[in-house]
Amino acid sequence: MAGHSKFKNIMHRKGAQDKKRSNLFSKLSREITVAAKMGMPDPDMNPRLRLAVNAAKAQSMPKDNIQRAIDKASAGDAENYEEVRYEGYGPGGSAIIVEALTDNRNRTATNIRTAFSKNGGNLGTEGSVQHGFERKGLIEYPASAGDEEKVLEAAMEAGADDIESSEDGHTIWTEADALHQVASDLEASLGEAENVKLAWKPNLTTEMDEKNAATLIKLIDALEDDDDVQTVWGNYEISDEVMAKLDA
């Protein structure tokens, strides 16, 4: 899906900003702590924790930080975070799903609503846009993992549903409940993935023109800057041409 690779373009653009790193580590730590608290503190015995730890490793999060986040859950002094999902509409008719971990629903809801309203969007009700997405497993590998044929063969053998390859890398989709097993099998043949997580995959994408894309990026930035927001998904597609103009 081209839309996802364009989403990655936005992420890479943001990734160049060093100030995002500490914010990212904070979000990764929160997910690790919640995953460890909900199940066993051993990643081999807790699929969600394994995914969280792998995501942290992929972002070069220090081992000490990862262990501290796990220990925090085991010690029983971790904050009580709950998972909350928000759905809304962005510029140009785009649909947005925001996943958050919060210890204060009122604060988070207010911040999310403000981010939407100030950046050309509208926060909707639960279920307002979810019907346009599928809950899937997402595994990403860099282009260096191998050519399309090699990765396709490995993905098929591991039981993946779909694969999309480009010069940026490989995106592999699985059924949500098969993500952990497929990721483990792929790790044996291709090495450690760049990204492994549950995702919201849009059934159809919406093309953004330059004006809407510029506002959309501001909306995504505002949402991701919120400490409680873990991930932002959308059905938008931004062409390379429009992206180049925005980066100019």
Side-chain angles (χ1 to χ4, degrees), residues 1 3-4 6-11 13-15 20 22-35 37-38 48 51-52 55-56 59 78-138 173 176 179 195-208 212-238:
M1 181 189 72
H4 188 76
K6 300 307 178 292
F7 175 77
K8 283 180 72 175
N9 286 350
I10 296 173
M11 296 301 291
R13 193 163 173 262
K14 286 170 61 59
K20 299 288 182 185
S22 60
N23 190 22
L24 175 62
F25 281 179
S26 173
K27 291 173 191 254
L28 292 167
S29 293
R30 188 178 293 194
E31 170 60 23
I32 290 170
T33 300
V34 169
K37 198 170 183 180
M38 289 177 69
R48 176 168 174 172
L51 293 180
Q59 295 298 331
E79 297 89 340
N80 285 315
Y81 292 112
E82 59 179 320
E83 296 175 282
V84 190
R85 186 175 69 246
Y86 301 94
E87 303 175 37
Y89 297 93
S94 55
I96 308 287
I97 294 179
V98 181
E99 293 176 311
L101 286 173
T102 180
D103 57 358
N104 185 326
R105 272 177 176 257
N106 289 338
R107 176 194 67 222
T108 308
T110 299
N111 291 349
I112 300 297
R113 185 176 291 106
T114 300
F116 270 95
S117 63
K118 285 188 174 180
N119 296 283
N122 289 291
L123 184 62
T125 56
E126 188 175 339
S128 57
V129 304
Q130 183 190 329
H131 57 84
F133 293 78
E134 284 183 273
R135 191 61 162 163
K136 305 287 280 186
L138 170 65
W173 295 98
L179 175 60
N195 202 358
V196 179
K197 63 169 65 176
L198 286 169
W200 290 99
K201 183 182 183 185
N203 297 321
L204 294 170
T205 56
T206 301
E207 184 76 33
M208 295 287 108
N212 284 324
T215 309
L216 174 67
I217 289 172
K218 288 178 182 176
L219 171 57
I220 294 168
D221 277 348
L223 290 168
E224 291 189 337
D225 281 344
D226 189 277
D227 290 342
D228 298 332
V229 171
Q230 292 295 102
T231 46
V232 180
W233 305 97
N235 71 344
Y236 46 83
E237 186 161 351
I238 303 174

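If you're wondering where the values come from, they're calculated on a predicted model, not measured in any experiment.
Contact between L219 and P91 at its shortest, heavy atoms only, is CD2-CD, 4.0 Å. R30 and D228 get closest at one heavy-atom pair: NH1-OD1, 2.9 Å.
With rounding to the nearest 0.5 angstrom, the CG atom of L51 is 10.5 Å from the NZ atom of K197. Separation of atoms CD1 (I217) and CE (M208) is listed at 11.0 Å; rounding is to 0.5 Å. Interatomic distance, OG1 of T110 versus CZ of R105, reported as 12.5 Å (0.5 Å rounding). With rounding to the nearest 0.5 Å, the separation of CZ in R135 from CH2 in W233 is 8.0 Å. We find the CG-CD distance between L24 and Q59 to be 5.0 Å, quoted to the nearest 0.5 Å. Here the CG atom belonging to L179 is positioned 10.5 Å from the CH2 atom belonging to W173, to the nearest 0.5 angstrom.
A heavy-atom distance below 4.5 Å is not found between the side chains of F133 and K201. Residues E99 and L198 form no side-chain contact, since every pair of their non-hydrogen atoms from C-beta on lies 4.5 Å or further apart. You'll find the side chain of N80 stays beyond 4.5 Å of the side chain of D103, heavy atoms only. Counting only heavy atoms from C-beta outward, the side chains of I220 and Y236 approach each other to under 4.5 Å. Using a 4.5 Å heavy-atom threshold, the side chains of Y86 and T108 count as touching. Within the 4.5 Å cutoff, the side chain of V129 has no heavy atoms near those of the N235 side chain. S128 places a side-chain heavy atom less than 4.5 Å from the side chain of Y89.
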query: Given the rule in the side-chain contact (heavy atoms from CB on, under 4.5 Å) test, do T206 and E237 qualify, once you have shown the distances and angles that lead to the verdict?
result: CA-CA 6 Å; T206 301; E237 186 161 351; over 6 Å; no
field: Candidate pair E134 and N203, rule side-chain contact (heavy atoms from CB on, under 4.5 Å), full reasoning
entry: CA-CA 7 Å; E134 284 183 273; N203 297 321; 3.5 Å; yes
task: Test R85 against W200 for side-chain contact (heavy atoms from CB on, under 4.5 Å), laying out the working first.
output: CA-CA 11 Å; R85 186 175 69 246; W200 290 99; 3.9 Å; yes
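Judged by distance alone, with hydrogens and angles left aside, the side-chain atoms of N119 form a donor-acceptor pair with the main-chain N or O of A115 at under 3.5 Å. Panel note: side chain K27, backbone V229; a donor-acceptor pair is recorded below 3.5 Å. Side-chain atoms of E31 never come within 3.5 Å of backbone atoms of A52 as a donor-acceptor pair (strictly under, hydrogens ignored).
Considering N122, I96, N111 in turn, I96 is the only one that fulfils the side-chain contact (heavy atoms from CB on, under 4.5 Å) rule with F116.
Within a 6.0 Å radius of NZ in K218, no more than 12 heavy atoms belonging to other residues, nucleotides or ligands are found.
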